[in-house]
Amino acid sequence: MPTCNMVQAINMALREEMERDDRIVLLGEDVGKDGGVFRVTDGLQEAFGEQRVIDTPLAESGIVGTAIGMALYGLRPVAEIQFLGFIYPAFDQIFSHASRYRNRSRGRFTCPLVIRTPYGAGIKAPELHEESSEAFFCHMPGIKVVVPSGPYVAKGLLLSALRDPDPVIFLEPTRLYRMIKEEVPEGDYTLPLGKARIAREGSEVTVIAWGSMLERVLKVLAPYDAEIIDLLTLSPFDEETILRSVRKTGRVVIVHEAPRTCGFGAELAATIAEEAILHLRGPILRVAGPDVPVPLAKLVEHYLPDAARICAAVDELLRY
Amino acid sequence: MPTCNMVQAINMALREEMERDDRIVLLGEDVGKDGGVFRVTDGLQEAFGEQRVIDTPLAESGIVGTAIGMALYGLRPVAEIQFLGFIYPAFDQIFSHASRYRNRSRGRFTCPLVIRTPYGAGIKAPELHEESSEAFFCHMPGIKVVVPSGPYVAKGLLLSALRDPDPVIFLEPTRLYRMIKEEVPEGDYTLPLGKARIAREGSEVTVIAWGSMLERVLKVLAPYDAEIIDLLTLSPFDEETILRSVRKTGRVVIVHEAPRTCGFGAELAATIAEEAILHLRGPILRVAGPDVPVPLAKLVEHYLPDAARICAAVDELLRY
Amino acid sequence: MIEVMPETIIDTFSVSRLDILDPEGIADESLLPSLSREDSLRLYELLFLSRAFDGRALNLQREGRIGTYPSILGQEAAQVGSAFALKKSDWVFPSFRETGVHITLGYPLELLFRYWAGDERGLLCPDGLNVLPVSVSVGTHIPHAVGAAMAARYRGDQVAAVAYFGDGATSKGDFHEGFNIAGVYRLPVVFICQNNQWAISVPRSRQTASATLAQKAFAYGIEGIQVDGNDVFAVYSATRQALERARGGGGPTFIECFTYRISHHTTADDADRYRSSAEVEEWKQRDPLERLRRFLEKRGYWNKDYQADLEKRTREMIDQAVRDAESAPAPERSEIFRTVFEKCTPRQARDLEVSADADL
Amino acid sequence: MIEVMPETIIDTFSVSRLDILDPEGIADESLLPSLSREDSLRLYELLFLSRAFDGRALNLQREGRIGTYPSILGQEAAQVGSAFALKKSDWVFPSFRETGVHITLGYPLELLFRYWAGDERGLLCPDGLNVLPVSVSVGTHIPHAVGAAMAARYRGDQVAAVAYFGDGATSKGDFHEGFNIAGVYRLPVVFICQNNQWAISVPRSRQTASATLAQKAFAYGIEGIQVDGNDVFAVYSATRQALERARGGGGPTFIECFTYRISHHTTADDADRYRSSAEVEEWKQRDPLERLRRFLEKRGYWNKDYQADLEKRTREMIDQAVRDAESAPAPERSEIFRTVFEKCTPRQARDLEVSADADL
Ligand SMILES: Cc1ncc(C[n+]2csc(CCOP(=O)(O)OP(=O)(O)O)c2C)c(N)n1
Ligand SMILES: Cc1ncc(C[n+]2csc(CCOP(=O)(O)OP(=O)(O)O)c2C)c(N)n1
Ligand SMILES: [Mg+2]
Ligand SMILES: [Mg+2]
């Protein structure tokens, strides 16, 4: 079984599925000849030709809009947005159209497309290259949101996303692209969308994270008896796994990069406060980015949840 | 003191402030000669001329982008987006630029603009004319979000928004435009942004609402001893007033039109679960739209929180 | 003082316009498309049906039986003429003001009435027709036609995609991004703009400073042409030619149909606030129906008996559609959950149950 | 078979190009802008400084002393020539690849180094300069220049707004919406596109099918021109003329500077993956600095001593800027909260306190 990083795992998933399913086409800025700015689509244009791996003009709304048209026609387009911070021009296409075509047409036309994009902070890149605005997409009925936390799950989740009958936003934590290496089987395996993973069992506190925060939480909380949940799919998210854990531990800490206010942590906290409040011993704590734009390199570590803040939250809860 | 509806109150606020402050200019689709599709800007182009009340081409991103440029230059533009459902093409301008120019330039350039837009369901209009996607904007550091619930507060809040040094999104509940008439003083008065209003005092349960849901909640819960909070500003929201009330009643119901998942109710619930959980007797309940696009006229009342659902939530809580 | 530099001219462009049938019903025979008597009458009947449907919709709206409705009065030739050139296999992406297109393509009248009455099921396009749901959001559907065209070409289908939109839509970013992508890949797509001179209260001259809309095609290296949009033959010919070019690999075409919105923007609008009745009267003289009627009369295809019969048939058809629409059972609450995803999320399923309980 | 309709031509357009100084340093004297000896040398020194700054930045990046950096190599004339025509009172909206513009306008070199090293304070434009922070998001700043121009006109200021962007940006919706609004209101704005033939790996021919970028101006009823972007005189002249037109009420101008990105897209890019070195070599022959040097030498303004002195002065200036940048104290944690709003929200204030505690 090959050992590979997340870039390679995603590339493998795309390549294998393109071999299996000729409805899969890739499009985006620099995805073809250049193989994507992170090399995620490296070699795919060579392998599958310019009709299936399409270098587009610099136009995010047009890219997603074109992908929507392809999906309506019966293909399964995979649009790459170069960085999550450049998806906002396509926001209308995603929310007014991709998320609604099935519903608007009462099921007659469907929109099975995947939008892949690098996401998250910590790569010392310019402004708008380190966003984590996943919560926006979780507030869109008709859109699914998936965030892998490593190579193995990335491949399995992407294969599920590529086969999903509805639009999926697939957020790839940039900081992890080459950080984690794992054994990733060649060939077909899928991980179901909508299911979380217990990344580490524990009994004193439930810690929920996703994407690159998972790696940080696992490291920082090694000395604690924490049950760590890797959410994997944010929308629809796995309420069952979360509630089961929370009922067991009675304590919850949610960790995410995005600004606290209206981040996805809010939805998790609200759901827990709605469904399991009587099992809680203390407050539901969020360790999140502050309500500021992600800063540039020299300040970004002041922004991201760090060991001190994560441990402080857990310690506080353990006092209840 | 004249009695007027919300359309007239907003018109009055704009007119008076335009007289006081020549930096205020209005721009948007049909805001000039036509006076806006809801007549909110009626008569203003006649009074202030085409340089101050500008009919734009049909281009939401361009409208907001142009307003940003005007604000940077030192004016105080007020951009109208014809319906909230057409703001999504301007999402990038709002989030990548309006919300960040002050920060990006370290305070050297600022972006004091107001984006006004009709919002909410229940007017029997076509698709995308009845959206309530306020939560998106509450997840944007650098943006303020205001939602009036009647003519009097609309005028006072709009005057504050027009004088605010930072960008404000001002969401006008369309269903209330002509529904409520109140005495609205002529001349200058402001209501501070960031402060909620106790719309009705009570002791058994705290009910939080805003915009057109406030009116519904007040009516539906007349028989209950409920403390009803009219949020008015969603971002930044008035934690103090909410927490004070919650600590008193020990029960919370949040009512909003938007789909439940990642709606603004999630942030309220999360904040309460973080700050006041030990004062709660039962779960924090949200009565919200389901996770579906707002349906057309024949189905919309199945979507909106109605008397049955609101009362059921309160009744459930009162059993704790 | 502005010095003007002498510069080298490196390229030139020209904008063309096509006119075939004049308001008196006299056609330029050299340009006249070869249509049979049946086809010519079929065109007339579709124009007539479109106008009659429109009139009935306005009445129903006034009686509160449907919601806000956008009239197509005056634009029938642009809609019918272009749609008449389409094949069933082509893909059509309409805006919200394309009733004449729907009618020409055989979209059930009953469904149109239901849609405008606020019943989502009106957008369930019957199998065999590739008419996408209307795009209420102006111009943002243009890239979808581009994507469908790209998919069709990838599939090797001899199919064109067609996007309909108004003059206002040409100001939108998605118009630009869609056109540009179509140009780069020379996709089989036809862009049909009904320049009806108004976008609600904004006149064409305030929408853009370009002298014609057709010339915007140059920015994308694609074909562009202006046609008399009240001339059903010109619209038909230009569209057919563009469709053939598209299906034959010749790339996209932008057709500006120069026409006029005779009515208010929608039933919620009052056009008297912003435009003169003189302008409207002038355009009424260029009526697309009347000019075709004159043409047919001159050819001996039209007479009063025919007209009386047509009116009767049309009325009956519309009556029946209204009856069917109004007798359709109201949509059930579950309808709002049914088609968001292929399968409900757990949360949706719970909300659906709750609402089912509440129904009891 | 495709029938082609004979159509009436209703309008024609032509695209012009301006060339003044050829690669040999020979100028078309009839077109040469009237610049003093000092001005000509100043232009040369700015080109030289821009190139030297760029080279140093690339070195610093390699040493890990700054982050990702986009080289301007080859584009110096387009940047310096255009910025040289600006007045202090004009408003400038740069993209992320405008170091030569910043330098020409007198933006402190130290701040540029700090910005590229990931210190936000590098974007704090000194008072007296109206240079907006760089727009990392491609093309989306174009409407801001349009808005500033609208505001300037409203204020009665004799000021132009200038937006800089690349060929890739012309595909963006905001390019279109901004240009269109500028056209409708004939605003005092100048759009300067550096067509450097590449948008990362996408060549100009795949960015748009229009033969020139300049002709996109026709779509908005505004002036458009292509200039040799490696010819500092042509760029300067076209920009000055456009600025005068703008300030004089003559409306917007779109200037396509035809140039070339000699280096990789940024230090994170590897251009060898997607383009041939032959192409790069060919463009090196059209170097903007060398041709101005030759011109100056022919006029007797340039000699080796002068060059040696210039190199020394430039090196010292850059060394000093690097020292200043690197000795600036690291930004404090509070910096991330300081300028989001004029006043912190209660929640920000709390987070700020928490972080202050953590600092102890
Ligand atoms: C993106 C968007 N913005 C605004 C609106 C509101 N609106 C509906 S129709 C219309 C004018 C459209 O003008 P045009 O494109 O010329 O089409 P017409 O109505 O003339 O058929 C406007 C502004 C909308 N539906 N979508
Ligand atoms: C909206 C947006 N999309 C994508 C990117 C990523 N990106 C940065 S530069 C660039 C290419 C820009 O090309 P061009 O406009 O020609 O400018 P150049 O880099 O050649 O100066 C891309 C795709 C971005 N910064 N912004
Ligand atoms: Mg129109
Ligand atoms: Mg370029």
Side-chain angles (χ1 to χ4, degrees), chain A residues 22-23 25 27 50-52 54-75 77 79 89-90 92-93 95-113 141-144 164-167 194 235-240 271, chain C residues 91 93 120-127 129-137 140-155 157 159 161 163 172-174 176-185 187 189 331 335-348 350:
Chain A
D22 73 356
R23 295 172 304 173
V25 294
L27 71 165
E50 291 195 15
Q51 291 237 13
R52 288 189 71 189
I54 303 163
D55 276 321
T56 63
L58 207 168
E60 285 77 12
S61 187
I63 291 168
V64 175
T66 300
I68 290 171
M70 295 172 115
L72 294 170
Y73 196 87
L75 301 187
D92 183 55
Q93 286 296 338
F95 189 43
S96 297
H97 290 300
S99 78
R100 304 189 202 213
Y101 255 116
R102 178 191 286 276
N103 192 55
R104 187 181 285 155
S105 71
R106 298 287 102 189
R108 168 74 161 79
F109 296 100
T110 64
C111 203
L113 64 86
I143 295 286
K144 298 181 183 174
D164 198 88
D166 287 299
S235 181
F237 68 100
D238 185 351
E239 294 187 36
E240 215 180 299
T271 300
Chain C
W91 280 55
F93 293 77
E120 347 253 333
R121 296 169 303 174
L123 291 184
L124 175 50
C125 177
D127 286 340
L129 268 186
N130 301 313
V131 182
L132 277 288
V134 305
S135 179
V136 167
S137 178
T140 57
H141 59 307
I142 292 173
H144 309 164
V146 174
M150 199 174 244
R153 181 157 72 196
Y154 171 67
R155 282 299 191 203
D157 300 341
V159 154
K172 288 280 297 176
D174 279 333
H176 180 71
E177 298 196 6
F179 271 54
N180 190 51
I181 293 172
V184 168
Y185 287 97
L187 296 174
V189 57
E335 189 71 27
I336 69 177
F337 295 94
R338 209 171 52 77
T339 51
V340 180
F341 289 114
E342 189 183 78
K343 275 215 306 256
C344 274
T345 64
R347 189 166 275 194
Q348 286 178 326
R350 239 161 32 228

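Not measured: the values here are computed from a predicted model. Chain letters run A, B, ... following the sequence lines, proteins first, then strands; residues in each count from 1.
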Proximity breakdown for V184(C) and chain A, heavy-atom pairs closer than 4.5 Å: side chain
Interatomic spacing from OG in S135(C) to CZ in R100(A) - rounded to 0.5 Å: 11.0 Å
Flag side-chain contact, heavy atom, 4.5 Å: S96(A) against T140(C): no
Parallel, tilted or perpendicular: ring planes of Y73(A) versus W91(C), cut at 30 and 60 degrees: tilted
Polar contact flag, side-chain donor to acceptor under 3.5 angstrom, T339(C)-R108(A): no
R106(A) and E335(C) ion-paired at < 4.0 Å: yes
Chain C contact via P141(A) - which portion, at a heavy-atom distance below 4.5 Å: both
Audit row: D174(C), Q93(A), side-chain hydrogen bond (donor to acceptor under 3.5 Å, both in side chains) steps and yes/no: CA-CA 9 Å; D174(C) 279 333; Q93(A) 286 296 338; 3.0 Å; yes
Interchain contact, A161(C) with chain A, by part (heavy-atom threshold 4.5 Å): neither
Close side-chain approach of E177(C) to L58(A), heavy-atom, < 4.5 Å: no
Under 3.5 Å: donor-acceptor pair, side chain of R347(C), backbone of F237(A): no
H97(A) ring center within less than 6.0 Å of H141(C) ring center: no
Side chains of D166(A) and E342(C) in contact at under 4.5 Å (non-hydrogen atoms): yes
